[in-house]
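Naming convention: chains lettered A, B, ... in sequence-line order (proteins, then strands); numbering from 1 in each chain. This one's a predicted model, so the numbers in the text were calculated from it and none came from an experiment.
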2 protein chains.
Amino acid sequence: MNKGLSYKKVRKHKTLVESIVEDLQGKIIKGQLEPGQKMVEAELCEKMGISRSPLREAFRVLESQGFLAHEPRKGMQVSRVSLEELENIYVIRANLESLATNLAVKNEDPQILEELRRLHHEMIRVAQEDDTGAYHKLNLKFHEVLAEASLNQRLIELIDTFVKQTNRYRVVVFSTPGKLQASIQNHKDIIRSFEKGDAEEAERMRRAAILNNIEVLREHFTREEPANL
Amino acid sequence: MNKGLSYKKVRKHKTLVESIVEDLQGKIIKGQLEPGQKMVEAELCEKMGISRSPLREAFRVLESQGFLAHEPRKGMQVSRVSLEELENIYVIRANLESLATNLAVKNEDPQILEELRRLHHEMIRVAQEDDTGAYHKLNLKFHEVLAEASLNQRLIELIDTFVKQTNRYRVVVFSTPGKLQASIQNHKDIIRSFEKGDAEEAERMRRAAILNNIEVLREHFTREEPANL
DNA sequence: CGATTGTCGATTGTATACAATAATGGGCAT
DNA sequence: ATGCCCATTATTGTATACAATCGACAATCG
C-alpha cells in the first residue's frame with residue numbers, strides 16, 4: 001500500500017503543510033524521531049508521498065516551535081535538547097502556566113471550576129487503578145482547561161507549544177514513584193485556591209508543581225547517563 | 001536600479017529566507033507594512049527580486065512569530081492586532097521579562113550591573129536633551145542586556161519576539177508625557193534591586209513598568225478611534 | 001428585476017527542475 | 001600505512017512550472 005497517498009486523502013480542510021506539521025510534531029513528541037536525527041528532505045518526501053515545498057514550509061514552522069533545528073547547508077535535524085536547555089524550557093513553562101492559572105482564577109468562571117473538579121475526581125479514580133496512561137491524558141486536559149480559562153489566546157498557544165516540548169521527556173518524570181499522588185494533591189490545592197478566588201496562591205501552586213519536575217529530571221539524568229537527550 | 005538584486009548581494013552568510021524574514025519583520029515593525037495589508041506572493045517576489053519558495057518559507061516563520069496571519073487559499077496578510085490582543089501580548093511580555101529580570105539578578109554578574117548603570121546614565125543624559133529617538137534605542141538595549149543576563153537562551157529569543165511585536169505600537173506609548181521620567185525612575189529601581197540582590201523586587205518593578213504601558217495604550221485607544229490597529 | 005450559476009482571471013497550493021555547496025571516498029605522494 | 005587533495009555525489013537552496021481553488025462578473029432563468 002502506498003502510505004503516502006493517505007496524506008492527501010486525510011486532509012479535508014487542512015492544508016498539506018498543516019498535516020505534515022502535526023505528523024512530524026507527533027512523531028517527535030512520541031520519540032519516534034530521535035533527537036539529533038537528520039531529516040533528509042528527499043527521503044521524507046518519498047516516505048510521505050509529498051514534495052519538498054510543503055515539507056520545507058512545515059520544517060520552518062517546526063523550527064520556530066523548537067522541535068527542529070538547522071544550520072544552513074547542513075540540513076534539518078530533530079532538536080537535541082541538553083539537560084540545561086530542558087531546565088530552561090521548564091522555567092519558562094512554569095512561568096507561562098502560572099500566569100495562565102492566575103488569569104483563570106481571576107476570571108471566576110464557575111463552569112471552569114466545575115470542569116476542573118470533574119477532571120480532578122476522574123484522576124483520583126484512575127490513579128487508584130494505577131492507569132498512568134489515562135492519568136496523563138486527564139492531567140493534560142486539566143492543565144489545558146486551566147490555560148484556556150486565561151482567555152489569552154496567544155498565551156494558550158504558547159503554553160501548548162511548551163507543553164509539547166517538555167512532553168518529549170515526560171516519560172522520565174511520570175515514572176517517578178509518588179509523583180502521581182503529589183500531582184493529585186497539587187490539583188486539589190489549585191482547585192481550593194480557585195474556590196477562594198486567590199489567584200496569587202493558585203499561581204504559586206502551579207509554578208511549584210512544574211518547577212518540581214525539573215528536580216526530578218535533574219536527579220534522573222545525573223544518575224543515568226545523559227543518553228541521547 | 002534593480003532593487004531586487006541587492007538582496008542577493010547583501011547576504012554574506014545569511015540565507016535568503018533569513019534576509020527576507022528580517023526585512024519584512026522590520027517593515028512590519030516600522031509600520032511600512034500596515035496591519036491587514038495583503039501580502040501577495042507574486043507581487044512581493046517581483047519587488048524583491050526573489051522567487052516564491054524562500055518567500056513562502058519566510059512567511060511561515062513570520063506567521064509563527066505572530067507578524068503575519070493567513071487563511072488557506074486566502075493568502076497572507078500583516079496581522080491585525082486588536083487592542084484586546086495587544087493587551088494579551090503585553091501581559092505575556094511583562095511576565096517573560098520579569099522572569100528574565102529575576103534570573104538576571106540571581107546570577108549576580110557585576111559586569112551586567114556595570115553595563116546597566118552605564119546605560120542608565122546615558123539615558124539620563126539624552127533625556128535631558130529630549131532626544132527620544134536615542135532614548136528609545138538605549139532603552140531597548142537596557143532591557144536586552146537584562147534579558148540576556150538571564151542566560152536562558154529560549155527565554156531571550158521569546159522576549160525578543162514579543163518586544164518586537166509590541167514595538168509595532170511603541171510610538172503611541174512613548175509619545176506620552178511623563179513616560180520618559182517614569183521609565184528612568186523604573187530603571188533606577190531595578191538597578192537598586194540588583195545591587196541589593198533582591199530578585200523578587202526587581203521582578204515586580206519590571207512587571208509593573210510593562211503593565212503600565214497597557215494602561216497608556218488603553219487610554220490612548222479609547223480616546224482616539226481604534227484606527228487600523 | 002433579482003437570484004443563481006457558469007466561466008474567467010487571479011492567487012495560492014503543490015510539484016518538479018536547476019544551481020550551489022558540503023560530505024564522502026579513493027588515489028597518490030610521502 | 002597515513003594523510004592530503006581532488007573529484008564525485010548527495011543534499012540543500014532557489015527558481016520555475018503546473019494544479020486547484022476562490023472571487024468577481026456576466027449571462028440566463030424564474
Side-chain angles (χ1 to χ4, degrees), chain A residues 2-25 28 33-34 36-64 67-80, chain B residues 2-25 28 33-34 36-64 67-80:
Chain A
N2 189 342
K3 188 184 165 194
L5 286 180
S6 63
Y7 267 85
K8 298 178 186 172
K9 301 256 177 67
V10 166
R11 104 192 131 95
K12 255 294 181 289
H13 279 281
K14 269 200 266 288
T15 175
L16 239 189
V17 176
E18 289 175 74
S19 304
I20 298 170
V21 167
E22 279 182 27
D23 181 59
L24 292 180
Q25 203 185 52
I28 292 171
L33 292 170
E34 290 186 7
Q37 184 166 338
K38 284 207 66 172
M39 304 286 276
V40 180
E41 294 173 5
E43 195 181 308
L44 282 169
C45 286
E46 197 175 3
K47 262 192 207 151
M48 300 175 132
I50 54 172
S51 73
R52 288 178 59 208
S53 312
L55 178 64
R56 284 175 63 87
E57 288 180 33
F59 274 2
R60 296 286 181 180
V61 174
L62 290 167
E63 187 178 24
S64 296
F67 291 103
L68 296 178
H70 95 292
E71 281 187 280
R73 294 268 158 211
K74 298 278 191 72
M76 277 287 180
Q77 54 174 232
V78 178
S79 69
R80 193 189 284 281
Chain B
N2 189 341
K3 188 183 165 195
L5 286 181
S6 64
Y7 267 86
K8 298 177 187 172
K9 300 253 179 70
V10 166
R11 100 194 133 96
K12 254 293 181 292
H13 279 280
K14 269 199 268 285
T15 176
L16 238 189
V17 175
E18 288 175 74
S19 304
I20 299 171
V21 167
E22 280 182 25
D23 181 59
L24 291 180
Q25 204 185 50
I28 291 172
L33 291 171
E34 290 187 5
Q37 185 166 337
K38 284 209 67 172
M39 305 285 276
V40 180
E41 293 174 7
E43 196 181 307
L44 283 169
C45 286
E46 198 175 3
K47 264 192 204 148
M48 299 174 135
I50 54 171
S51 73
R52 288 177 61 207
S53 311
L55 178 64
R56 284 175 63 88
E57 289 181 32
F59 274 2
R60 295 288 180 178
V61 173
L62 290 166
E63 187 178 24
S64 296
F67 292 102
L68 296 179
H70 97 290
E71 283 187 280
R73 293 271 161 208
K74 299 278 191 73
M76 279 285 179
Q77 55 174 234
V78 179
S79 69
R80 192 188 284 281

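Atom NZ in K38(B) sits roughly 10 Å away from atom C1' in dC22(D) (whole-Å rounding). Per the geometry, CD belonging to E46(B) stands 18 Å off C1' belonging to dT14(D), to the nearest Å. Spacing between atom NZ of K74(B) and atom C1' of dA20(D) amounts to 16 Å, rounded to whole angstrom units. Rounded to whole angstrom, the span from the CE atom of M76(B) across to the P atom of dA10(C) amounts to 23 Å. The CG atom of L16(A) sits 13 Å away from the C1' atom of dT12(C) (whole-angstrom rounding). A straight line from CD of E18(A) to P of dG13(C) spans 10 Å, rounded to a whole angstrom. Between the CD atom of E43(A) and the P atom of dT12(D) there is a distance of 9 Å, rounded to whole Å. Rounded to whole Å, atom P of dT14(D) lies 11 Å from atom CD of E41(A).
The shortest distance between side-chain heavy atoms of I20(B) and V61(B) does not fall below 4.5 Å. Proximity of L62(B) to M76(B): side-chain heavy atoms (C-beta onward) are nowhere separated by under 4.5 Å. At least one side-chain heavy atom of M48(A) sits under 4.5 Å from a side-chain heavy atom of L24(A). When side chains are defined from C-beta on, H70(B) does not count as touching F59(B), because their heavy atoms never get closer than 4.5 Å.
Here the straight-line distance linking atom CD of Q77(B) with atom CD of E34(B) works out to 12.5 Å at 0.5 Å rounding.
Not a single donor-acceptor pair, N or O on each side, falls under 3.5 Å between the base of dT21(C) and the side chain of R73(A).
Here dG30(D) sits opposite dC1(C) as a Watson-Crick or G-U wobble pair (both hydrogen-bonding atom distances under 3.5 Å).
Taking the salt bridge (Lys or Arg N to Asp or Glu O under 4.0 Å) definition, one finds that E71(A) meets it with nothing, sequence neighbours left out. With sequence neighbours left out, R56(A) forms a salt bridge (Lys or Arg N to Asp or Glu O under 4.0 Å) with E41(A), E57(B).
A heavy-atom distance below 4.0 Å to DNA chain D is reached by these residues of residues 51-59 of chain A, ordered by number: R52(A), R56(A).
Counting only heavy atoms from C-beta on, H70(B) has its side chain closest to dG13(C) among dT11(C), dT11(D), dG13(C).
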